[in-house]
Participant: 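Quick one: the structure is below, questions incoming.
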Amino acid sequence: MRVDAVLDVVAAACLLGGALLSLAAGVALVRFPDLLSRMHAAAKPQVLGLLLVLLGCALRLRTGVDVTTLVLVGAFQLATAPVAAHMIGRAGYPHDRIRTDLLVTDELAAHLDRLHADRRP
């Protein structure tokens, strides 16, 4: 078996796995009950799915410019997805968009009165 054929099979497996993880993230966004669960579903499997898709594309394309572009896309996604998820969680916390009965530790509960006082005119 040639190396090109093996790389194509691995690329196809990566593309399929990434697509399935991205699909699972989309389904979880619709099905999960609260903001924190949806935020987790948007950040974790979506990023891993994208990285698998990028790896599959890199294995299939195999040129320096394409691989460099795909690495940059993956690096920017890894840098921005956690920050975006954190900001969404912080913005939704004072608006009662989370289920506190599902939390193990609520570190922002002590600051909730201050957050509500800052929002009042």
Participant: Which residue pairs satisfy the side-chain hydrogen bond (donor to acceptor under 3.5 Å, both in side chains) criterion with at least one member in residues 23-43, sequence neighbours excluded?
Facilitator: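 Qualifying pairs, neighbours excluded: D34-S37.
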Participant: With sequence neighbours left out, what residues match V67 under side chain to side chain contact (heavy atoms under 4.5 Å, CB included)?
Facilitator: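 So V67 forms a side chain to side chain contact (heavy atoms under 4.5 Å, CB included) with A58, V71.
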Participant: List in chain and number order the residues that pass salt bridge (charged side-chain N to carboxylate O under 4.0 Å, His left out) with R62, two or more places apart in sequence or in another chain; answer none if no residue qualifies.
Facilitator: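 R62 satisfies salt bridge (charged side-chain N to carboxylate O under 4.0 Å, His left out) with D4, D8 once adjacent residues are dropped.
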Participant: Could you pull out all residues at least two apart from T105 that satisfy side chain to side chain donor-acceptor pair (under 3.5 Å)?
Facilitator: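 Per chain and number, T105 pairs via side chain to side chain donor-acceptor pair (under 3.5 Å) with no residue.
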Participant: Restricting to non-hydrogen atoms, name the atom on G56 and the atom on A11 that form the minimum distance, rounded to 0.1 Å.
Facilitator: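 Shortest heavy-atom contact: O-CB, 3.4 Å.
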Participant: Remaining members of V27's ILVMFWY cluster at a side-chain heavy-atom cut-off under 4.5 Å?
Facilitator: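 Traced through the cluster, V27 reaches L23.
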Participant: What are the two closest heavy atoms between L29 and A42, and how far apart are they?
Facilitator: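 Taking L29 first and A42 second, the nearest heavy atoms are CD2-CB, 3.9 Å.
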Participant: Can you list everything that forms a side chain to side chain contact (heavy atoms under 4.5 Å, CB included) with A85? Sequence neighbours excluded, please.
Facilitator: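 Scan of A85 (side chain to side chain contact (heavy atoms under 4.5 Å, CB included), adjacent residues dropped) gives M39, A43.
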Participant: Measure the CG-CG distance between L61 and L70 for me, rounded to the nearest 0.5 Å.
Facilitator: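 CG of L70 is found 6.5 Å from CG of L61.
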Participant: Sequence neighbours left out, what pairs pass salt bridge (Lys or Arg N to Asp or Glu O under 4.0 Å) with at least one residue falling in residues 68-80?
Facilitator: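 Every candidate salt bridge (Lys or Arg N to Asp or Glu O under 4.0 Å) pair involving residues 68-80 fails, so no pair, neighbours aside, qualifies.
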Participant: Search all heavy atoms of G49 against all heavy atoms of L21 and return the closest pair with its distance.
Facilitator: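 Shortest heavy-atom contact: CA-CB, 3.8 Å.
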Participant: Does a donor on one side chain and an acceptor on the other come within less than 3.5 Å for T63 and D66?
Facilitator: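 Side-chain D/A pair, T63 to D66: present.
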Participant: Roughly how far apart are L54 CG and L72 CG, rounded to 0.5 Å?
Facilitator: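 These two atoms lie 10.5 Å from each other.
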Participant: Compare every heavy atom of V47 with every heavy atom of A81, then report the nearest pair and how far apart it is.
Facilitator: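 In terms of heavy atoms, the two residues are closest at CB-CG2, 3.5 Å.
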Participant: Would you say V3 and V10 are hydrophobically clustered, going by side-chain heavy atoms of ILVMFWY under 4.5 Å?
Facilitator: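 Linked, V3 and V10 end up in one cluster.
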Participant: Please list all pairs meeting side-chain hydrogen bond (donor to acceptor under 3.5 Å, both in side chains) that have one or both residues in residues 9-20, counting only residues at least two apart or in different chains.
Facilitator: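 Matches after skipping sequence neighbours: none remain.
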Participant: Please list, chain by chain and in numerical order, all residues satisfying side chain to side chain contact (heavy atoms under 4.5 Å, CB included) with V53, sequence neighbours excluded.
Facilitator: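 Once residues adjacent in sequence are excluded, the partners of V53 under the side chain to side chain contact (heavy atoms under 4.5 Å, CB included) criterion are L15, C57.
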Participant: Under the side chain to side chain contact (heavy atoms under 4.5 Å, CB included) rule, collect the residues that match up with A12, sequence neighbours excluded.
Facilitator: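 Expected list: none.
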Participant: Per the side-chain hydrogen bond (donor to acceptor under 3.5 Å, both in side chains) rule, what does the pair list look like for residues 44-58, sequence neighbours excluded?
Facilitator: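 Sorted pair list: Q46-Q77.
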Participant: Just how far is it from atom SG of C14 to atom CG of L55, taken to the nearest 0.5 Å?
Facilitator: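 So the SG of C14 and the CG of L55 are separated by 4.0 Å.
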